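Each chain gets a letter, A, B and so on, in the order its sequence line appears, and its residues count up from 1. This one's a predicted model, so the numbers in the text were calculated from it and none came from an experiment. Only this structure's heavy atoms are used, side chains among them; waters, hydrogens and symmetry mates stay out.
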2 protein chains.
Amino acid sequence: MIKGTEQKIKDAALTVFIQKGFANCTSREIAREAGMNVALVNYYFRSKSKLFAIIFESVMQDFLKSMVQVFQSNLPFREKIRLLIEREFEFLSQNPEIPNFVLNELSRNPKSIENLLPVLHMVTESGVFDEAKKLQSQGDMRPMDLVQVTLLIMSNCQYPFMAAPLMKVIHGIDETDYKNHLTVHKTHAVTMVLGYLFPNDHSSNHA
Amino acid sequence: MIKGTEQKIKDAALTVFIQKGFANCTSREIAREAGMNVALVNYYFRSKSKLFAIIFESVMQDFLKSMVQVFQSNLPFREKIRLLIEREFEFLSQNPEIPNFVLNELSRNPKSIENLLPVLHMVTESGVFDEAKKLQSQGDMRPMDLVQVTLLIMSNCQYPFMAAPLMKVIHGIDETDYKNHLTVHKTHAVTMVLGYLFPNDHSSNHA
DNA sequence: TTAGGTTTTAAACAATTGTTTAATTGTGTT
DNA sequence: AACACAATTAAACAATTGTTTAAAACCTAA
């Protein structure tokens with residue numbers, strides 16, 4: 001299939017923005033990556049900032065919608081968490097720079113998330129939070145604030161990908177080695193998080 | 001005490017670099033923060049890059065030396081881990097932007113860590129890794145690669161601070177609320193990680 | 001074919017960047 | 001006081017930035 005000019009620019013922008021961040025790249029760099037003139041980028045997207053906003057929002061939408069999809073499934077809560085973690089590892093294996101990209105932008109410009117509030121509400125409205133609270137009141141899940149639950153899950157999924165350069169140099173290993181460690185790490189993350197959230201269920205507490 | 005010009009520049013650079021990153025700030029911004037002329041910054045540090053390198057290395061040294069200090073103590077291994085996590089939370093409470101700062105720079109310029117290899121070796125030479133391996137062979141610690149152990153610890157310490165802007169917007173809470181969640185989260189991190197690393201020791205497995 | 005429009009380009013714009021120059025101020029020594 | 005040297009500044013430099021302009025190339029329909 002042939003890609004139109006607009007899509008070519010979006011693809012190039014995604015590549016460059018994610019790799020170098022907003023401030024650390026130039027309009028001309030994006031144009032070059034897309035194989036065209038600088039002016040044409042602005043002809044389609046008015047400005048570097050507007051182009052960035054579009055890319056950022058599309059990345060966030062993909063990310064959040066994948067989460068919501070898991071939450072809306074009719075799996076038991078415990079399996080939702082497991083699936084969420086496994087999916088996250090899969091996704092991040094192919095897009096390891098996305099967490100950094102998102103967090104950087106949010107700290108650079110906290111308002112950038114405003115247009116995404118509707119998508120964010122889909123998470124709340126999916127009912128996962130209520131589901132968790134119910135399990136907690138039944139004693140089937142460790143009682144703790146859901147902010148902590150979110151943190152436990154995302155910490156153990158996202159950080160290992162974000163910290164790749166640091167880990168490689170600390171342990172003196174290369175890219176391939178580290179990727180192998182990451183696939184192993186997925187099972188640890190699943191076992192540990194589930195084991196902590198559901199301390200009464202010993203079916204998969206110990207590897 | 002009176003601060004000399006050179007130190008004033010370093011302080012200003014630390015503030016600005018950490019807050020905005022290398023690419024997203026200007027030499028003039030640093031000079032203004034230090035209350036002086038742009039040329040004076042270069043008079044003392046030759047260039048923006050050289051100044052950044054100095055700041056980066058000093059931040060990393062503080063960070064790593066604090067780790068080594070824990071490792072060199074004569075606490076039992078389990079307590080070293082606990083102390084490490086607690087110290088990390090303390091440190092990050094007052095310097096929450098440092099992980100982002102470090103990881104960004106490492107991905108922007110992987111060579112920036114080269115001058116720090118000697119300090120990095122202090123971690124290896126502290127003997128923690130051997131200590132862990134010994135405990136594992138004795139069956140006192142869950143058998144797993146030490147890369148994974150490092151990851152488990154750092155994920156659950158650093159990510160919660162890095163993801164503050166994202167978490168605040170996902171759960172619709174403000175800075176104060178989130179800080180409270182972070183202090184609670186420390187106990188979860190300690191309990192979960194220790195419980196996972198030492199599954200046979202039930203003394204503090206369940207909160 | 002040609003007229004009217006869209007798409008693409010080269011060139012220019014003003015603003016900002018990191019860095020340097022040359023002059024000014026300050027400080028301490030003789 | 002006069003000199004020498006360090007510290008500080010204002011001004012300028014060339015390069016790069018995001019953005020705009022005006023012309024060229026392309027397309028489509030009559």
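- Residue-level contact check: A:Ser47 touches the backbone only, with heavy atoms under 4.0 Å from sugar-phosphate atoms and none from bases.
- Of the residues B:Phe63, B:Phe22, B:Phe17, B:Phe52, the one that meets the ring-ring contact (aromatic ring centres under 6.0 Å, His included) test with B:Phe101 is B:Phe52.
- As a whole-Å value, the separation of B:Arg32 CZ from D:dA10 P is 14 Å.
- For A:Lys48, counting side-chain heavy atoms from C-beta on, the closest listed nucleotide (D:dT21, C:dG18, D:dT19) is D:dT19.
- Relative to the side chain of B:Ser27, the nucleotides C:dT8, C:dG18, D:dA7 differ in distance, and C:dG18 lies closest.
- One can place CG of A:Asn42 at 18 Å from P of C:dC13, the figure rounded to the nearest angstrom.
- Side-chain atoms of A:Tyr196 and B:His188 form a donor-acceptor pair, as typed in the model, at a separation below 3.5 Å.
- Protein atom CE of B:Met36 is 7 Å distant from nucleotide atom P of D:dT9, rounded to whole Å.
- Side-chain atoms of B:Tyr43 lie closest to D:dA7 of the nucleotides C:dT21, D:dT19, D:dA7.
- Of the listed nucleotides (C:dA10, D:dT17, D:dT8), D:dT17 has the atom at the smallest distance from the side chain of A:Arg28.
- An OP1 or OP2 oxygen of C:dT7 is reached within less than 4.0 angstrom by no side-chain nitrogen or oxygen of A:Thr5.
- Protein atom CZ of B:Phe22 is 13 Å distant from nucleotide atom P of C:dT17, rounded to whole Å.
- To the nearest angstrom, C1' of D:dT16 lies 15 Å from CD1 of A:Ile30.
- DNA chain D is contacted by both A:Thr26 and A:Asn37; A:Thr26 maps to the nucleotide lying nearer its 5′ end (nearest heavy atom per residue).
- At whole-Å resolution of the value, CD in B:Glu6 and P in D:dA7 are 9 Å apart.
- Separating the OH atom of B:Tyr44 from the P atom of C:dT19 is a distance of 18 Å, rounded to the nearest angstrom.
- For the residue pair B:Glu88/B:Gln158, the side-chain donor-acceptor check at 3.5 Å is satisfied.
- Taking atom CD1 of residue B:Ile9 and atom P of nucleotide D:dA7, one finds them 11 Å apart after rounding to whole Å.
- A:Pro160 approaches A:Ser155 most closely through the heavy-atom pair CD-O, 3.6 Å.
- Which of C:dT19, C:dA10, D:dT9 sits closest to the side chain of B:Leu40 comes down to D:dT9.
- If you check every strand for non-hydrogen atoms under 4.0 Å, B:Phe45 touches nothing.
- The aromatic rings of B:Phe77 and B:Phe198 sit perpendicular to each other, their planes meeting at more than 60°, with 30° as the lower class boundary.
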